[in-house]
Amino acid sequence: MCKTIETPIAAGPEKRTKLLKDMDRRSFMSFCSKMAATLGLSAAMVPKIAEAVEGAARKPSVIWLHFQECTGDSEAFIRSQYPSAEELILNILSVDYQETIMAASGHQAEAALKQAMTENKGKYLVVVEGAIPTATTKGPKAVEGGYCIIGGRTALEIAKDVCKDAMAVMTVGNCSSFGGVQAQAPNPTGAVGVRDAGVVPSGVPIVNIPGCPHNVVNSVATVVNFLLMGSLPATDRLGRPLFAYGKRIHDNCPRRAHFDAGQFVEQFGDDGARNKWCLYKVGCKGPQTYHNCAWVEYNQNTSWPIKGGHGCIGCSEPQFWDNMQPFYERLPHIKLPGVEATADQLGFTLVGAAAAGAAAHAVYTFANRKKFVDTTEE
Amino acid sequence: MTHTGVSPQKKEIVYVRNATNRLLHWTMFFSVMVLLVTGYYIGDPTLILGAGEATDTTVMADIRLIHFIGAMFLDVSILIRFYLAFFSMYHRDWIELMPVPGRVIGAMKIAASYFTFKKPPFYLHVDPLDGLTFLALHLFMVLQLMTGFTLYVHALPTDWWWTQLIHVMTDPVTDIFGGDQNVRLIHHLMLWIMISGIIVHLYIQVAKTIIWRDGHIAAIFGGYKYRDVK
């Protein structure tokens, strides 16, 4: 993952362009401190981050692709405040192609994509939002991956074409990382995440920023890490950066003390809920979910699910729509033919059957106690 | 040993279980009991020590700690038991748990004897029916151990070498069961399967001791049981 690439920081002070002219020093330094905190770096690194971001000789060109998605990650992206969306789009990054916010459309948009790809060949960052369908469409015109076609090309073709000359690929949101909701059973379109679609050549590093939506702080921190170190951050086995996905929600949860004290919300609206007790029993998936929501929070540190009194649904984990169900209970229901039982119902039945069997045999044995033959059979 | 209505049978005492064997059995017994109780609480926790300040009580944390300590005792005794089953100097009994054809037929004969009350042949160590139930119980325990570690590993610091080592075993478990939520379900179902298994195991041992008067329960406490003298 840690592929070293020539960094903009190497450009030298004389070549620096003042990119952040619209941002005052205070908010810029606050942004740099926040990035250092998110990346788990010491305060001593803040000047270096400032240097790396400010001194970028060329803003990294970003091509943002949309596939099977709900644009929620773009929504999260344009609501970023530190740095603000316009600073991100115009000053820190050079977002050359983003279907949702770009002015161009149709052929002009296609031309912008072509231009960005040829001008920055091998140096642009691809951000992918949305899963890639791989199933072949049914009917007379069978097209491989034909469930998502933009400008006459399938998502598979576009992703292959754009990713092959990329410097790095960043997948934002659960859909592009792991497939998201459209990859859940029965997955009619054969949707997969970018990493599993086989569209990124082996030489191009890829980093997953899952979440539903992704947290812009983590995405920007990944870019800053790249500007600072010249490599993508260290990742876990699912390709998620460890600075953001190295600990569970549960490990830093503000309600953790209530978990350890055995104080649980039994149902929404009860006294426990009013006292902000632990949401474990109403289905919180924090104990299995690796994400840094607890200390980064969403929407400019406004809130996040557990702060708002709702359990975590595990949106940064693979296949969470299938695997984390039911969202409001601890254990999944067991599908038996014709019925749906809880694990405890099945358990009581099992234990009951064992006890009943033993009791029945005990009665039978007692009734036949005269028949005991206390000698080995001849 | 006399028995009402039946002519007394002359018995001799035989030593069948050494101290290590008995110690391991009771270590497993106590850890499983602790694990069942604490495990049920962890799966369905309730308020025990009041609704005061969270800083005053650590019920869930303590019960989880006891659960983890119990699990470590069980895991280590299972590993020692597995080793001894193959390399013990006293009695290598792994073959007694294998469903080889001869022992499966023997198990069916013993099962039939619980209904006909005709005394089956004497087995010095584990009889075939017990062997098969122990095989099932041991497989369940190994599954419980693996799913338990899969849930436990998340609580450890991610960059510790020990965590990485456990992940080598637990990552395939997560993948096989399709996510940690299913791993938790299996781990919870195993609670009930273990309880049912223990009921069956306990009943068979008690029934055997009462019907055949061979001191089968005494053997797990003192190491000796009775054999008929021809």
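Chain letters run A, B, ... following the sequence lines, proteins first, then strands; residues in each count from 1. Side-chain atoms are counted along with the backbone in the values below, which use heavy atoms only and exclude waters and symmetry mates.
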>> Set out, in order, the CA-CA distance, both residues' side-chain angles and the distance that settles side-chain contact (heavy atoms from CB on, under 4.5 Å) for B/Met60 and A/Tyr280, then state yes or no.
In response: CA-CA 11 Å; B/Met60 184 72 159; A/Tyr280 179 78; 4.0 Å; yes
Gap between atom [atom2] of [Y] and atom [atom1] of [X] - 0.5 Å precision:
{"X": "A/Asp236", "Y": "B/His167", "atom1": "CG", "atom2": "NE2", "value": "9.0 Å"}
{"X": "A/Gln288", "Y": "B/Thr174", "atom1": "CD", "atom2": "OG1", "value": "10.0 Å"}
{"X": "A/Gln263", "Y": "B/Ile48", "atom1": "CD", "atom2": "CD1", "value": "11.5 Å"}
{"X": "B/His154", "Y": "A/His250", "atom1": "NE2", "atom2": "NE2", "value": "11.5 Å"}
{"X": "B/Thr57", "Y": "A/His258", "atom1": "OG1", "atom2": "NE2", "value": "9.5 Å"}

Below 4.5 Å, heavy atoms only, C-beta onward: do [X] and [Y] meet side chain to side chain?
{"X": "A/Trp277", "Y": "B/Leu47", "answer": "yes"}
{"X": "B/Asp180", "Y": "A/Asn323", "answer": "no"}
{"X": "B/Arg184", "Y": "A/Arg330", "answer": "yes"}
{"X": "B/Phe117", "Y": "A/Thr365", "answer": "yes"}

>> As an exercise: rank B/Ala54, B/Gly179, B/Gly178, B/Ala207 by heavy-atom pairs under 4.5 Å with chain A and give me the winner.
In response: B/Ala54
>> Please identify, among B/Val206, B/Thr58, B/Ile195, the residue contributing the most non-hydrogen atom pairs under 4.5 Å to chain A.
In response: B/Thr58
Contact origin within [X] toward chain B - heavy atom pairs under 4.5 Å:
{"X": "A/Gln345", "answer": "neither"}
{"X": "A/Ala359", "answer": "neither"}
{"X": "A/Glu317", "answer": "neither"}
{"X": "A/Arg256", "answer": "side chain"}
{"X": "A/Lys285", "answer": "side chain"}
{"X": "A/Asn275", "answer": "neither"}
{"X": "A/Phe320", "answer": "neither"}
{"X": "A/Gln319", "answer": "neither"}

With only heavy atoms counted, which part of [X] is less than 4.5 Å from chain A, the side chain, the backbone, both or neither?
{"X": "B/Ile186", "result": "neither"}
{"X": "B/Tyr41", "result": "side chain"}
{"X": "B/Leu185", "result": "both"}
{"X": "B/Asp171", "result": "both"}
{"X": "B/Thr55", "result": "neither"}

Taking atom [atom1] as the centre, does [X] end up with more than 12 heavy-atom neighbours from other residues, nucleotides or ligands that are less than 6.0 angstrom away?
{"X": "B/Met169", "atom1": "CE", "answer": "yes"}
{"X": "A/Lys307", "atom1": "NZ", "answer": "yes"}
{"X": "B/Glu12", "atom1": "CD", "answer": "yes"}

> How are the rings of A/His361 and B/Phe115 set to each other: parallel, tilted or perpendicular (split at 30° and 60°)?
Replying inline: perpendicular
>> Below 30° counts as parallel, above 60° as perpendicular, anything between as tilted: where do the rings of B/Trp192 and A/Phe348 land?
In response: tilted
> Under a 4.5 Å heavy-atom cutoff, which of A/Asp271, A/Asp251, A/Asp344 has the most pairs with chain B?
Replying inline: A/Asp344
> Of all of A/Ala353, A/Gly352, A/Gly347, A/Ala354, which one pairs up most often with chain B through heavy atoms under 4.5 Å apart?
Replying inline: A/Gly347
So, the side chain of [X] versus the backbone of [Y]: is there a donor-acceptor pair under 3.5 Å, distance only?
{"X": "B/Gln181", "Y": "A/Asp322", "answer": "no"}
{"X": "A/Lys281", "Y": "B/Pro45", "answer": "yes"}
{"X": "A/Tyr364", "Y": "B/Tyr114", "answer": "no"}

>> Run A/Leu346 and B/Leu189 through side-chain contact (heavy atoms from CB on, under 4.5 Å) and show every step you take.
In response: CA-CA 8 Å; A/Leu346 190 68; B/Leu189 269 182; 3.7 Å; yes
